[in-house]
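Input: a single structure, listed below in structure tokens.
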Amino acid sequence: MGKAVVLRVNGEEYELEVKPQETLLDVIRERLSLTGTKRGCETGDCGACTVIMNHKAVSSCLVLAVEADGAEIVTIEGLAKEGKLHPLQEAFVRHGAVQCGFCTPGMILSAKALLDENKNPTEEEIRRAISGNLCRCTGYTKIVEAIKACSGTL
Amino acid sequence: MEQYSVFGKPLPRIDAWEKVTGEARYLDDIFMPGMLYGKVLRSPHAHARIVRIDTQKAEALRGVRAVITHRDTPGVKFSFFPVFADKLPLCRDKVRYIGDEVAAVAAETAAIAEQALSLIEVEYDLLPAVTDLEEAMKPGAPLVHEDKEKNIAFEGHKSFGDIKKGFADSDYIFEDRYVTSKVAHCCMETHGCIASFDRLGKLTVMMPSQAPHTVRQEIARILDIPRSKVRIVVPAVGGGFGQRLVTDMKVPAAAILSRIARRPVKIVNTREDEFCTARTRYPYIVELKTGVRKDGRILARQARVLIDNGAYNDKGPATLNYAGECFAVLYNVPHVRYDGYGVYTNKQFGTAFRGFGNVQVTFATESQLDEIAEKLGMGPEEIRLKNANKPNELMSCGATVTSCGLVECIRETMKKSGWDEKRKMKTDLGNGWYRGIGMATMVHTGAGGRFYGYAATDTFTKISEDGCITVISPAPEIGQGGKMVVAQITAEVLGVDPSRITVINNDTDIIPYDLGAWGSRTSFVCGNAAKAAAESVKEEIFGAAAKMLQTTPGKLCARDEKIFIDEDPSKAVSFEEAAVYAVSNLGYPLSGKGRYTDPLAPQVGIDKKYGHHLPTFTFACHVVEVEVDSGTGEVKVVKVTAAQDTGRTINRHMAEGQIEGSILQGLGYAISEECVEDGGRMMNPTFADYKIQTAVDAPPYDVILIETDDPDGPFGAKGIGEPALVPLPAAVGNAVYHATGVRFKKLPLNQERVYFSLKKEKG
Ligand code: FES
Ligand code: FES
């Protein structure tokens with residue numbers, strides 16, 4: 001009843017047997033134990049589960065694992081390299097953009113997907129890019145500042 | 001040289017690294033060997049008698065390891081305040097709201113647990129439900145709790161001065177009625193727990209909590225076991241805002257399931273569970289009567305407050321009481337009367353929520369104050385300045401305001417927002433658009449409260465043989481920065497970088513007893529204890545450094561990772577060298593203990609006369625600018641200027657972050673958020689239908705920290721977590737009034753309400 005899929009997550013290949021109704025979020029969290037990807041709603045409304053799939057930010061709770069077969073996926077665990085934080089992670093720390101941190105992984109990945117495509121976004125473009133990532137703690141100012149600080153530098 | 005090298009600086013939080021890398025473990029990220037998945041069967045009816053529960057089919061399902069009903073519980077009623085106890089962990093005879101806990105299961109997978117729930121048969125006998133607060137107060141209304149005579153759950157009354165005389169002396173009297181809505185905390189992490197009993201009968205619960213010791217006592221009470229048999233461990237917490245103070249019944253349910261199954265049991269809310277059952281802000285009706293002199297001085301103020309309590313008591317009595325305290329303190333009104341009633345209804349019940357009753361009452365008082373000012377021909381700022389408290393003012397209610405920056409807050413927001421010009425600008429922008437600017441002020445506690453007869457805590461600090469510092473503090477970390485507050489204060493005292501510091505704050509078997517993160521008390525209470533502990537261990541390390549530098553400890557100073565002779569800073573050792581020296585050459589480890597106690601607390605119980613319940617106050621003034629589209633009813637907030645009396649700021653980024661986050665929550669409360677209920681059912685339990693503010697909605701904020709020096713706070717600091725939300729709804733209402741001339745006395749000012757009101761009033 002399962003279907004075999006191959007996922008490339010943070011540069012590593014995984015061959016898995018997944019059920020038809022299993023979401024990419026389930027697989028990432030429960031099968032691959034990459035719990036940095038958060039579950040906030042499972043209805044596609046909060047952005048806590050954001051990952052980058054084939055260079056686009058997606059809500060992994062809305063993607064079926066079978067649909068992700070062959071995809072290139074980046075989760076928050078894939079950002080820091082050789083003990084060094086990714087510049088966006090650095091900037092979030094430096095600018096005080098992290099409070100409870102639950103929205104942070106999704107936020108950073110949405111920001112990364114934006115900056116990968118558009119090196120110098122306007123503030124409006126930044127806000128639009130993270131408008132699907134809800135944050136209940138920060139009021140967003142410091143998050144936007146952190147992303148701005150990385151514009152043009154990545 | 002600046003006075004402080006660490007304190008006040010916008011340094012990176014010590015807990016930020018693990019959060020940006022995804023390494024921080026929240027409850028649902030934890031998987032234990034043998035762990036089962038629990039689910040709770042909830043009532044589909046607002047009010048019904050339970051005739052029969054049959055769990056046999058569920059028990060027979062393969063993979064199900066335990067099924068429980070009220071028969072498996074000790075059947076002890078619970079509430080946060082034992083005297084208001086009214087809730088069984090699992091319902092026995094009756095269900096009282098849609099979502100009431102009836103049974104629970106634990107199974108090998110979440111899917112099996114879900115299936116098992118559907119196999120539990122419950123026969124209900126429907127009862128008439130009462131879901132409207134005022135209906136519930138009428139004689140003959142259905143009783144939510146059949147053992148009570150009426151639906152009034154609790155009352156609170158306060159009276160200072162002579163209210164009759166106050167009104168008699170007044171030139172004008174204003175009477176208005178304000179209604180606030182039900183809103184949800186919306187922590188981005190839903191609530192959950194993992195409970196596991198060991199073979200010796202000790203229960204460990206992992207759960208997001210902002211008051212682990214209190215929760216420990218609550219769980220012990222519900223399960224009827226000694227507190228010593230309960231240990232609470234708190235993982236990373238994805239937001240609190242008051243929701244994680246009082247336990248909810250899934251925790252004892254998970255505990256009982258674990259005891260039966262002899263395995264750890266995890267229960268986690270779905271977002272829909274969270275919206276429908278995780279408790280909300282209390283909706284208030286405030287009937288407000290104010291007497292003023294011609295010159296704008298408020299002489300008398302009377303409020304009748306009705307709280308929609310929902311089906312069970314939780315923090316209702318406390319929010320009622322607390323709102324009354326703030327009501328009596330914001331302005332020094334000589335004659336005050338406050339009468340509050342909590343009323344049972346067959347709906348999801350409320351709990352603590354940032355602002356704690358104060359925001360509801362402030363919506364009324366600060367909206368009405370603008371109407372009073374207008375009638376007297378005064379500006380909103382003028383009437384507020386006229387009545388504002390000054391430092392060291394003794395209030396008619398008996399409280400003394402120590403530090404107080406309210407006047408500065410008002411003046412600064414006016415200056416920074418361009419208040420004077422903007423008040424005079426044309427408000428009609430054409431095409432049905434209007435713009436306006438409004439303000440509101442507030443007072444809130446800056447240090448928790450003495451209500452429980454206890455306001456103290458301890459902290460232990462050690463310096464390891466490698467110079468690393470560990471602080472064992474009960475300061476909860478719910479996102480607000482509790483850990484960093486402790487680290488930054490410790491770092492200032494010891495003259496080191498906060499990155500040298502680890503804070504352990506999450507295990508009731510380790511941390512000192514404390515009441516938790518509420519009332520913006522962490523910085524004040526836990527901060528003071530951390531400072532004392534750091535000073536105590538500083539004496540020890542100075543002892544070592546003095547030997548190394550051949551001087552006396554009294555001559556030393558610590559700063560920038562060095563300990564040096566004050567008069568000759570070239571004579572210095574590094575912090576680390578001194579730590580190593582103590583262990584290797586003197587032969588002892590370094591540790592210190594600090595305590596904060598508030599000697600007044602034991603004398604000021606909740607039932608005692610009001611006066612000094614709150615150790616210190618925080619004041620704020622917010623100015624909000626709006627544009628209103630009468631064609632769609634949209635209220636667009638274009639800017640918020642917020643000045644808050646923060647005492648001495650511990651960390652500028654964190655202080656701003658608290659204020660910015662509060663502002664946006666407050667704006668959501670004012671214009672977009674509402675739990676829509678119909679017959680006791682929540683109709684919009686998703687983020688698609690319950691609109692919290694997004695990055696696109698958020699306006700620019702100008703946050704002004706008014707630094708006062710609190711005489712009792714650590715380095716003059718006081719608590720700031722809650723206050724900035726409090727003035728928002730009134731400030732928005734006042735701005736919309738300025739823009740349109742239409743007064744809103746009901747929250748939220750959502751599109752529908754604004755559209756129809758403008759249409760009615762303006763045609
Ligand atoms: S969990 Fe996927 S959007 Fe909320
Ligand atoms: S930091 Fe808490 S939700 Fe964003």
Side-chain angles (χ1 to χ4, degrees), chain A residues 21 29-30 33-48 75-80 85-86 88-108 123-124 126-144 146, chain B residues 10 12-13 15-26 28-31 185-190 236-241 268 270-272 274 477-481 651-654 656-665 667 686-689 692-698 700-701 703:
Chain A
Q21 74 277 19
R29 284 181 54 83
E30 267 134 60
S33 296
L34 295 170
T35 53
T37 307
K38 300 300 174 203
R39 189 192 302 273
C41 70
E42 292 187 285
T43 50
D45 299 314
C46 78
T75 72
I76 193 70
E77 289 88 349
L79 255 54
L85 293 186
H86 183 275
L88 269 165
Q89 292 173 313
E90 251 326 310
F92 269 60
V93 172
R94 239 189 8 255
H95 287 264
V98 181
Q99 288 189 29
C100 82
F102 202 80
C103 70
T104 307
M107 214 47 109
I108 289 177
E123 168 155 348
E124 215 188 310
I126 293 175
R127 286 185 179 266
R128 222 177 308 126
I130 59 165
S131 64
N133 294 85
L134 299 179
C135 173
R136 192 56 158 170
C137 300
T138 62
Y140 303 103
T141 308
K142 298 205 166 4
I143 292 175
V144 172
Chain B
R13 294 168 56 139
D15 60 336
W17 313 98
E18 66 203 39
K19 289 175 176 173
V20 296
T21 54
E23 279 160 47
R25 295 268 175 272
Y26 300 79
D28 201 22
D29 303 335
I30 298 167
F31 299 86
H185 303 75
C186 300
C187 299
M188 292 318 297
E189 179 201 21
T190 62
V237 181
F241 317 120
V268 178
T270 63
R271 183 55 64 182
E272 188 177 340
E274 187 87 354
E477 177 54 69
I478 53 173
Q480 90 290 29
N651 177 312
R652 190 165 54 73
H653 271 163
M654 294 204 304
E656 288 169 354
Q658 284 297 297
I659 294 173
E660 289 159 2
S662 290
I663 290 173
L664 201 60
Q665 270 181 8
L667 284 182
T686 64
F687 283 128
D689 295 319
I692 74 171
Q693 302 276 299
T694 70
V696 175
D697 305 320
Y701 328 103
V703 172

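Letters go in sequence order (proteins before strands), and every chain restarts at 1. For clarity, every value in this text was computed on a predicted model and none was experimentally measured.
Chosen from B:W17, B:F241, B:Y26, the residue pairing most often with chain A at heavy-atom distances under 4.5 Å is B:Y26. Looking only at heavy-atom pairs under 4.5 Å with chain A, the residue among B:P700, B:A688, B:P10, B:G239 that has the most is B:A688. Interface remark: of the candidates B:G657, B:G240, B:S662, B:G657 forms the most heavy-atom pairs closer than 4.5 Å to chain A. If you tally non-hydrogen atom pairs under 4.5 Å between each of A:Q89, A:E77, A:M107 and chain B, the highest count goes to A:Q89. Residue with the most contacts toward chain B among A:L34, A:V93, A:L85: A:V93 (heavy-atom pairs, distance under 4.5 Å). The candidate with the highest count of non-hydrogen atom pairs below 4.5 Å against chain A, out of B:A24, B:A16, B:G481, B:A236, is B:A16. For chain A, the option among B:E18, B:E23, B:M654, B:H185 with the highest count of heavy-atom pairs below 4.5 Å is B:H185.
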Walk me through it: do A:L134 and B:M188 pass the test side-chain contact (heavy atoms from CB on, under 4.5 Å)?
CA-CA 8 Å; A:L134 299 179; B:M188 292 318 297; 3.7 Å; yes
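Two residues are said to be in side-chain contact when any heavy atoms from C-beta on lie closer than 4.5 Å; A:F92 and B:K19 fail this criterion.
Atom CD of A:E124 sits in a sparse spot, with 12 or fewer heavy atoms from other residues, nucleotides or ligands closer than 6.0 Å.
Distance check, rounded to the nearest 0.5 Å: CD of B:E477 to CD of A:Q99 gives 9.0 Å. Put simply, CG on A:D45 and CD1 on B:I692 are 10.5 Å apart, with the number rounded to the nearest 0.5 Å. Separating the CD atom in A:E42 from the CD atom in B:E272 is a distance of 11.5 Å, to the nearest 0.5 Å. To the nearest 0.5 Å, atoms OG1 (B:T190) and CZ (A:F102) are separated by 6.5 Å. Note that CZ of A:R29 and CZ of B:F31 are 5.5 Å apart. Values are rounded to the nearest 0.5 Å. Expressed to the nearest 0.5 Å, how far SG of A:C137 lies from CG of B:L664 amounts to 11.0 Å.
The aromatic rings of B:H653 and A:H95 lie parallel to each other, with less than 30° between the two planes, well short of the 60° mark.
Between A:C100 and B:V237, the closest heavy-atom pair is CB-O, 3.4 Å.
Salt bridge status for B:D28 with A:K38: absent, with no side-chain N to carboxylate O gap under 4.0 Å.
Residue A:H86: no heavy atom, backbone or side chain, is found under 4.5 Å from chain B. Looking at B:E274, neither its backbone nor its side chain comes within 4.5 Å of chain A, counting heavy atoms on both sides. Only the side chain of A:T104 comes within contact range of chain B, judged by heavy atoms closer than 4.5 Å. In this structure, chain A has no heavy atom under 4.5 Å from any part of B:I663. For a residue to count as touching a neighbouring chain, one of its non-hydrogen atoms must lie under 4.5 Å from one of that chain's; by this rule A:L88 does not touch chain B. Both the backbone and the side chain of B:A698 come within contact range of chain A, judged by heavy atoms closer than 4.5 Å. Residue B:R652: no heavy atom, backbone or side chain, is found under 4.5 Å from chain A.
Under a 3.5 Å cut-off, the side chain of B:Y701 and the backbone N or O of A:T141 do not form any donor-acceptor pair. The main-chain N or O of B:C187 is never found under 3.5 Å from a side-chain atom of A:R136 such that the two would form a donor-acceptor pair. B:E660 contributes no side-chain N or O that, together with a main-chain N or O of A:Y140, makes up a donor-acceptor pair within less than 3.5 Å.
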